[in-house]
Every structure is written in structure tokens, then in C-alpha cells.
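Some notes on the structure that comes next.
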There are 2 protein chains.
Amino acid sequence: MARKPGSRSDITGPRIRAAARRLFARHGFAAVSMRQIAAEVGVQAGALYLYTPDKETMLVDLLKDHMDELIVAWDAAAPGGGPLERLQAFVRFHIAFNLDHADAVFLSYMELRNLGPENFAVIEGLRRDYENRLEAILTAGQGTGLFAVPDTKLATMAIIAMLNGVNTWYREGGRLSRAAVGDIYWDMVRKAVAA
Amino acid sequence: MARKPGSRSDITGPRIRAAARRLFARHGFAAVSMRQIAAEVGVQAGALYLYTPDKETMLVDLLKDHMDELIVAWDAAAPGGGPLERLQAFVRFHIAFNLDHADAVFLSYMELRNLGPENFAVIEGLRRDYENRLEAILTAGQGTGLFAVPDTKLATMAIIAMLNGVNTWYREGGRLSRAAVGDIYWDMVRKAVAA
DNA sequence: GTCTATAATGAGATAGAC
DNA sequence: GTCTATCTCATTATAGAC
């Protein structure tokens, strides 16, 4: 026997990526074998090497795609207006995007240590690009006297960490809707940076 | 040859735990082999099984000890006084303790997925015990009208996540001292929960 | 594009010597 | 309490058939 009837690389490729993302996030990069990924997709382990040169490249591609998508999505969603409106939009966007991409977000924070130095630098650079967009909002508000943050760099890190935390406890269908969570976090962020 | 001259279990035990904690935090539980841990300590892999029945037990013992130590340390450090004083103390304590136990903190958030359900429940229970101490402070302040948090549960999670974030960027000898970081985060937390 | 088969390596854990 | 040696099994990755 040879190739499976009906196999198509433009279908198998995305399915491999989705399975790898899910399994890496659930069990950790090192704990997941190529065999597990292949089994999840319904192919043999050797077939994965038609789509990636090795396991680490699979991971770094997932992370890079995720960070690219994040930045593109924010740049498309970011409103004009004053710092307060832009900050509110950022808070709501970040929570919503993270919940929609929980596995990728988790990976992008937890599995950086499995990357070689050059791949690590690429992902970290993309993350900084994204964080700089938030810091720019804080700096703008600081300039007009609207915000009073003791340190825009730390405030950026604090806000991102706080918002990322939502992913650790939020469950769909739980006590609070996504919109309600957005309201509550926006209230806390707004007050934290207020003059 | 047999046992090494001068070997002592009360020295080797702690060294094994320290090596495992460091290596698990750096590379991830699944990525670290028993041979690596043994090499770090200077014993053979087989010797590790004198101290632990298996690898997962090594991990869960590290996590349990860490959470116990955290709760004991806070209960010893927690001041009396009003909610504002207690909240300030909590912020500064949490940042300092986390920086002093960075590897264990990282493990306690990242490697829970490598635990069986019963071990997982134990660690999660301890974490909730700790978080409840913060929530009690917020509830007390809420009751006297000193704080105005829209949801004490979410505020608890938000504050912890924000403070935990310090560990991801803080470097000893960097731009800011620990005390300065404590000041800045306290400023943001104070405003975020203020009435 | 997927298969089977296999190479090369390393894993967790155990047995028994000293 | 640590050693060497070993069992058993899984791993990543490749080769070549179809």
C-alpha cells in the first residue's frame, strides 16, 4: 500500500499544525511525540517530515504565525481617538484575542525555552513590537496629563500580565460573559493608569 | 567500586531537589532526564531512586513544598492593620517572595499539566488557599468602602497575575531595584482597587 | 503523499555487587 | 548510598517501495 486515497497536502498541512498546537499546549513541547501528532491527524509519523524539517521548526512556525496574526489583528482593530479610547480598545481586544487563541498564547509564553537562540530572538522581537503598541498609548496619555503611570515600561508589562491572566481561569459558559470580563478588567486598568 | 566516600543522604537529598528544580524550570519537566539530574548532582541515575519513587513524585514534592513555604511565609509576614496596609504588604511580599523563588514559581504555574489528577488537585487547593488570603483583604476593604472593585474574585486573579509578571522581566542589577519595583506596582494596585 | 521498515539514540526504572 | 549493567520501551529521523 502507498498513499492514502484522497490525501491532500493543503488539508493535511493545516490539520498537522492544529494538532501540534493543541498537543504542545496541553502536554508541553517536549512531552509530545511526532507519533502522537501523526496519530491525531491520522497519518504515519514519517509523513510529518513532508511538512516540516524537524520538530523545533514546527514549534517556531506556530509561534511566529501566532505573533504575526496578533499584530495584524490589532493593527486592523485599533481605533483612532484619544489615549483613553485606544487603551480601552486594547484591553478588550487583547482579552478577546487571547481567549480565541488560548493554545497559541500559552505556547508563546511557555515554550520559548525550547527554541534555539536565533528563533527565540525572532519571537521575542515580535512580542516587543506588540507591547510597544500598548506602551505608545500609555506614553501618549501620559503626555497629555490624562494618565499618571510611574513607569510606562512597567505599566505596559503589568497590564499585559494582568490581561493574560484571564486565560488561566476563564471558562466558556461560566459565571461571566466575555463582555462582562472585559468591562471589569477595563475598570481596573483605567483606574490603575488614571491621573 | 561502591558508594562514594563521604556520601551523606542529608546532603545529597537537598542537592537533588535543587538540581531538579533548576533543570525542570529551565528546560521543562518532560525535557529533563533523570540522567541529567544525576549528573548535575554528581551521582548515577540509579541513585536518584533512593530519594524518590519516580519522576512525577519528584515534581509534585517540589511544588507542594513551594506552596507550603509560600503560605507559611505570608502568614508570618502579614501585618495587622487596615486593608490598605495589608494590601500593600501583600504586594511587596508577593513580589519579593516570587523573585527569591523564581524557579519554583515558574514550575508551579507551568508544570501542573504533568501531574496526575489527584496531585493536581492538591497543588491547586494550596494555590487557592493563598489566593483566598488576598481576596479576604479585598473583601474587607470593600466592606468599609475603602476599595471599589467590581468583582473581588477577578480583582484577586488580576492582581496576582500582574505581580507574577514581574518574574518574567526583572533582572537583578537592572534599571530598577526591588524596592522601586515594589513602589511602582503598589501604586498601580492601590489605584486599581481604590474607591 | 503515505506507507513499512529500520537506524541510532536515549529514556525511566530495576538488580545486585560492594 | 552509590556503583555498573541491563531490561524494556519510546523517541526522532531517514530510506525506499508504491
Side-chain angles (χ1 to χ4, degrees), chain A residues 1-63 107 111 113-116 119, chain B residues 1-63 107 111 113-116 119:
Chain A
M1 209 214 272
R3 127 185 221 187
K4 255 186 169 172
S7 64
R8 301 242 322 264
S9 73
D10 56 343
I11 292 185
T12 304
R15 293 192 59 212
I16 290 174
R17 279 193 291 281
R21 181 166 44 234
R22 224 179 55 86
L23 289 170
F24 288 164
R26 286 253 197 306
H27 310 291
F29 174 76
V32 174
S33 70
M34 296 297 263
R35 280 170 177 75
Q36 276 177 273
I37 299 170
E40 182 100 352
V41 176
V43 299
Q44 295 298 316
L48 299 183
Y49 291 91
L50 295 169
Y51 300 87
T52 185
D54 56 37
K55 201 182 166 194
E56 179 181 335
T57 303
M58 246 176 126
L59 176 62
V60 74
D61 284 347
L62 285 174
L63 298 186
L107 283 184
E111 302 294 359
R113 56 191 174 185
N114 291 296
L115 266 36
N119 283 335
Chain B
M1 206 212 275
R3 129 183 219 188
K4 254 183 163 172
S7 63
R8 301 243 321 266
S9 73
D10 56 343
I11 292 186
T12 304
R15 293 191 60 213
I16 290 174
R17 280 193 290 280
R21 180 165 45 231
R22 226 178 53 85
L23 289 171
F24 288 162
R26 286 252 197 306
H27 309 292
F29 175 76
V32 174
S33 69
M34 297 297 262
R35 283 168 177 78
Q36 275 177 274
I37 299 170
E40 183 99 352
V41 176
V43 301
Q44 295 296 317
L48 299 184
Y49 292 90
L50 294 170
Y51 299 89
T52 185
D54 56 35
K55 202 183 166 193
E56 178 180 336
T57 303
M58 245 176 124
L59 176 61
V60 74
D61 285 347
L62 285 173
L63 298 186
L107 282 185
E111 303 293 358
R113 56 190 174 185
N114 291 296
L115 266 36
N119 284 334

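Order of the sequence lines fixes the chain letters, A, B, ..., with proteins taken first and strands second; residue numbering starts at 1 for each chain.
- Following rounding to the nearest Å, A/L50 (CG) and D/dT14 (P) show an atom-to-atom distance of 12 Å.
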Protein within reach of the bases, or only the backbone? For nucleotides 9-14 of chain C, mark each nucleotide 5' to 3' as B, S or -, using heavy atoms under 4.0 Å. --BBBB
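- Distance check, rounded to the nearest 0.5 Å: CZ of A/R21 to CD1 of A/I16 gives 12.5 Å.
- OP1 or OP2 of D/dG1 has not a single side-chain nitrogen or oxygen of B/T12 nearer than 4.0 Å.
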Name every donor-acceptor pair, under 3.5 Å, that has one atom in a side chain of residues 54-63 of chain B and the other anywhere in the protein, sequence neighbours excluded.
residue : atom : partner : partner atom : Å
B/D54   : OD1  : B/E56   : N            : 3.4
B/D54   : OD1  : B/T57   : N            : 2.9
B/D54   : OD1  : B/T57   : OG1          : 2.7
B/K55   : NZ   : B/F29   : O            : 3.0
B/K55   : NZ   : B/V32   : O            : 2.7
B/E56   : OE2  : B/G116  : N            : 2.8
B/E56   : OE2  : B/N119  : ND2          : 3.1

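- Atom CD of B/Q44 and atom P of C/dC18 are 17 Å apart (whole Å).
- Distance OH (A/Y51) to C1' (D/dA13): 17 Å, rounded to an integer number of Å.
- Considering only residues two or more places apart in sequence or on other chains, A/R113 meets the side chain to side chain contact (heavy atoms under 4.5 Å, CB included) condition with A/E111, B/F106, B/E111, B/R113.
- Distance check, rounded to the nearest 0.5 Å: CD of B/Q36 to NE2 of B/H27 gives 6.0 Å.
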A/M34 vs A/Y49, side-chain contact (heavy atoms from CB on, under 4.5 Å): CA-CA, chis, key distance, verdict: CA-CA 10 Å; A/M34 296 297 263; A/Y49 291 91; 3.6 Å; yes
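- Contact detail for A/V41 and A/A19: the closest heavy-atom pair is CG2-CB, 3.8 Å.
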